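All remarks here apply to the structure that follows.
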Amino acid sequence: MPNLNENYLKLQENYLFSEIAHRVAAYTKQNPEKNVIRLGIGDVTRPLCQCAGEALLEGAKEMMSADTFKGYGPEQGYEDTRKAIVDYYKRSGVEIDASAVFVSDGAKSDTGNITDLFAHDNVILIPTPVYPVYVDSNVMCGNKVEYIEGNADNDFLPMPDWNQHADIIYICSPNNPTGACYNKGQLKEWVDYALKNQAVILFDAAYEAFVSDSELPRSIYAVEGAKQCAIEFCSLSKTAGFTGTRCGYTIVPKELVFTASTGEEMSLNAMWNRRQCTKYNGTSYIVQKAAAAVFSEEGIRQCRENLEYYRENARVITDTLSDLGIRFYGGVHSPYVWFECPKDMDSWTFFDYLLQEIQVVGTPGAGFGENGKHYFRLTSFGTYENTAEAMKRFRNLLETNKKRKFVFSDWKSFLS
Ligand code: PLP
């Protein structure tokens with residue numbers, strides 16, 4: 001019998017989306033006539049843009065002809081795709097070397113697999129609440145993590161504690177689930193802190209395309225010194241509707257060189273390259289062709305139309321919350337809107353309450369860590385019609401409750 005990786009026993013049950021599906025299924029079984037609106041999961045609803053779709057078809061045709069057929073490709077990604085990514089950064093004023101770009105099947109794999117590069121005795125800082133993959137992938141390999149607290153006092157943007165040492169720091173900006181987005185000064189402080197500690201920042205920029213203020217950094221490399229201390233992950237999932245097509249990329253600058261216990265220099269770029277060449281056989285040719293099309297000027301223009309559609313949905317949600325006097329986070333540079341549940345309701349109770357009363361499904365904050373237990377996430381990835389209808393129901397519910405001074409009586413801002 002093999003000895004198993006018993007670290008898996010330490011994982012918290014990952015029941016968030018299955019539990020949501022289970023509760024919604026039970027409700028619809030009992031109430032088949034009700035129209036349930038889902039503003040819960042982070043999947044998109046807009047189809048691929050024209051450019052990407054055409055590139056996929058063209059790629060498929062090339063694969064069907066002996067002259068243009070492609071077998072295994074470079075593990076790091078095709079030159080054209082890497083160059084298209086470099087140009088994408090360049091347009092927002094950030095210089096990246098193509099040798100730092102590794103194309104992949106998505107940011108989830110890369111943010112999970114990056115633990116391969118590090119030993120297991122590091123001080124690892126992970127924000128709470130945040131995308132659960134960071135914690136789980138560290139727990140799986142036996143790493144201990146320390147949490148950095150995001151809360152209402154710091155607008156869900158925790159800053160470094162200069163008295164605490166760290167080796168690895170996860171940052172997700174704009175954040176899933178809170179939608180909070182660091183400004184350049186705040187990211188600079190994290191970079192300075194990492195440089196002082198000789199730490200590595202693992203920066204997840206999966207939602208960078210939602211940043212609409214040119215003053216806010218969409219990449220950590222917009223901050224001076226970041227190439228000496230940061231790896232960046234990005235994804236086409238939300239930017240270009242690639243959740244089902246699958247493509248992402250990771251930037252590992254060659255400047256990231258550290259000294260091993262033997263005294264030898266170790267380059268994270270070389271290590272990631274070795275890791276990918278050993279365990280990954282490259283992203284499919286047709287998908288990379290579509291990705292390169294997304295990063296063309298026309299592709300970006302077309303993707304912007306979809307992003308604008310989601311932004312409008314986010315506006316419908318945030319306008320409703322603002323009108324009702326409910327404080328929220330995100331929704332501006334992010335597809336996610338995050339707000340506190342009424343007092344005495346934890347996030348699952350609130351989930352059930354909204355499902356029963358108005359048939360609107362959101363995501364309980366408890367799924368994103370301890371600090372999410374009393375918060376709730378709505379996404380702007382639904383259709384406009386559903387989002388508007390959901391918010392109409394929400395508004396009616398609160399206005400009725402206001403008259404009844406019922407469940408929401410503890411939403412102080414709402415009462416004032
Ligand atoms: N990073 C964050 C913060 C996410 O929220 C998600 C998906 O929801 C991902 C990464 C996964 O991206 P991908 O679809 O490219 O694997």
Side-chain angles (χ1 to χ4, degrees), residues 14 16-18 20 38-46 48 52 77 81 85 88 101-115 126-138 148 150 156-158 169-182 201-211 218-220 230-251 276 280 283-284 287-288 290-291 294-295 303 306-307 310 314 329-331 333-338 362-363 365 367-369 372 377-382:
N14 183 4
L16 179 67
F17 291 111
S18 57
I20 290 175
R38 292 158 213 266
L39 300 183
I41 61 164
D43 204 351
V44 294
T45 49
R46 306 292 299 156
L48 293 179
T81 317
I85 293 167
Y88 178 63
V101 179
F102 294 83
V103 183
S104 74
D105 62 353
K108 187 184 208 174
S109 326
D110 288 358
T111 51
N113 292 333
I114 202 75
T115 53
I126 300 184
T128 168
V130 86
Y131 184 51
V133 170
Y134 316 148
V135 172
D136 286 356
S137 50
N138 276 287
I148 39 179
F156 291 95
L157 292 169
I169 304 151
Y170 284 80
I171 297 180
C172 177
S173 180
N175 179 283
N176 176 13
T178 69
C181 180
Y182 283 105
I201 294 175
L202 302 176
F203 188 78
D204 189 341
Y207 298 95
E208 58 82 27
F210 287 84
V211 174
R218 285 171 31 201
S219 159
I220 194 156
I231 290 175
E232 181 160 294
F233 305 94
C234 207
S235 166
L236 277 79
S237 284
K238 315 298 160 88
T239 309
F242 270 50
T243 49
T245 307
R246 310 300 310 139
C247 192
Y249 53 92
T250 291
I251 313 288
Q276 292 299 81
Y280 187 63
T283 308
S284 112
V287 166
Q288 289 197 59
V294 160
F295 291 120
C303 287
N306 283 346
L307 293 173
Y310 297 133
Y329 304 84
H333 305 294
S334 158
Y336 300 124
V337 183
W338 179 252
T363 313
F368 302 99
R377 189 191 80 174
L378 292 177
T379 91
S380 62
F381 287 131

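Note that ligands are numbered from 1 as they come in the structure, with each ligand's atoms numbered from 1 the same way. Positions are given from 1, in the same order as the sequence printed here. What you are looking at is a predicted structure, and each value in this text was computed from that prediction instead of being measured.
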### Task
Ignoring hydrogens and angles, state whether a donor on the side chain of T111 or D204 is under 3.5 Å from an acceptor on the partner side chain.
no
### Task
State which residues pass salt bridge (charged side-chain N to carboxylate O under 4.0 Å, His left out) with E232; sequence neighbours excluded, sorted by chain then number.
none
#### Entry: F381, Y336, F233 screened by ring-ring contact (aromatic ring centres under 6.0 Å, His included) with Y207, the one that passes
Y336
### Query
So, for G150 and P129, which heavy atoms are closest and what is the spacing to 0.1 Å?
O-CD, 3.8 Å
### Task
Mind telling me whether Y88 and F295 have parallel, tilted or perpendicular rings, with 30° and 60° as the class edges?
tilted
Name each N or O atom in ligand 1 that is under 3.5 Å from a protein N or O, and give the partner atom and the distance.
from: ligand 1; atom 1: 1 (N); to: D204; atom 2: OD1; distance (Å): 3.4
from: ligand 1; atom 1: 1 (N); to: D204; atom 2: OD2; distance (Å): 2.6
from: ligand 1; atom 1: 5 (O); to: N176; atom 2: ND2; distance (Å): 2.8
from: ligand 1; atom 1: 5 (O); to: Y207; atom 2: OH; distance (Å): 2.6
from: ligand 1; atom 1: 8 (O); to: Y207; atom 2: OH; distance (Å): 3.3
from: ligand 1; atom 1: 8 (O); to: K238; atom 2: NZ; distance (Å): 2.9
from: ligand 1; atom 1: 14 (O); to: S237; atom 2: OG; distance (Å): 2.5
from: ligand 1; atom 1: 14 (O); to: R246; atom 2: NH1; distance (Å): 3.0
from: ligand 1; atom 1: 14 (O); to: R246; atom 2: NH2; distance (Å): 3.4
from: ligand 1; atom 1: 15 (O); to: A107; atom 2: N; distance (Å): 2.8
from: ligand 1; atom 1: 15 (O); to: S235; atom 2: OG; distance (Å): 2.6
from: ligand 1; atom 1: 15 (O); to: S237; atom 2: OG; distance (Å): 3.3
from: ligand 1; atom 1: 16 (O); to: A107; atom 2: N; distance (Å): 3.3
from: ligand 1; atom 1: 16 (O); to: K108; atom 2: N; distance (Å): 2.9
from: ligand 1; atom 1: 16 (O); to: R246; atom 2: NH2; distance (Å): 2.7

### Message
Can you see whether N113 engages Y280 through a side-chain donor-acceptor pair at a distance of less than 3.5 angstrom?
### Response
no
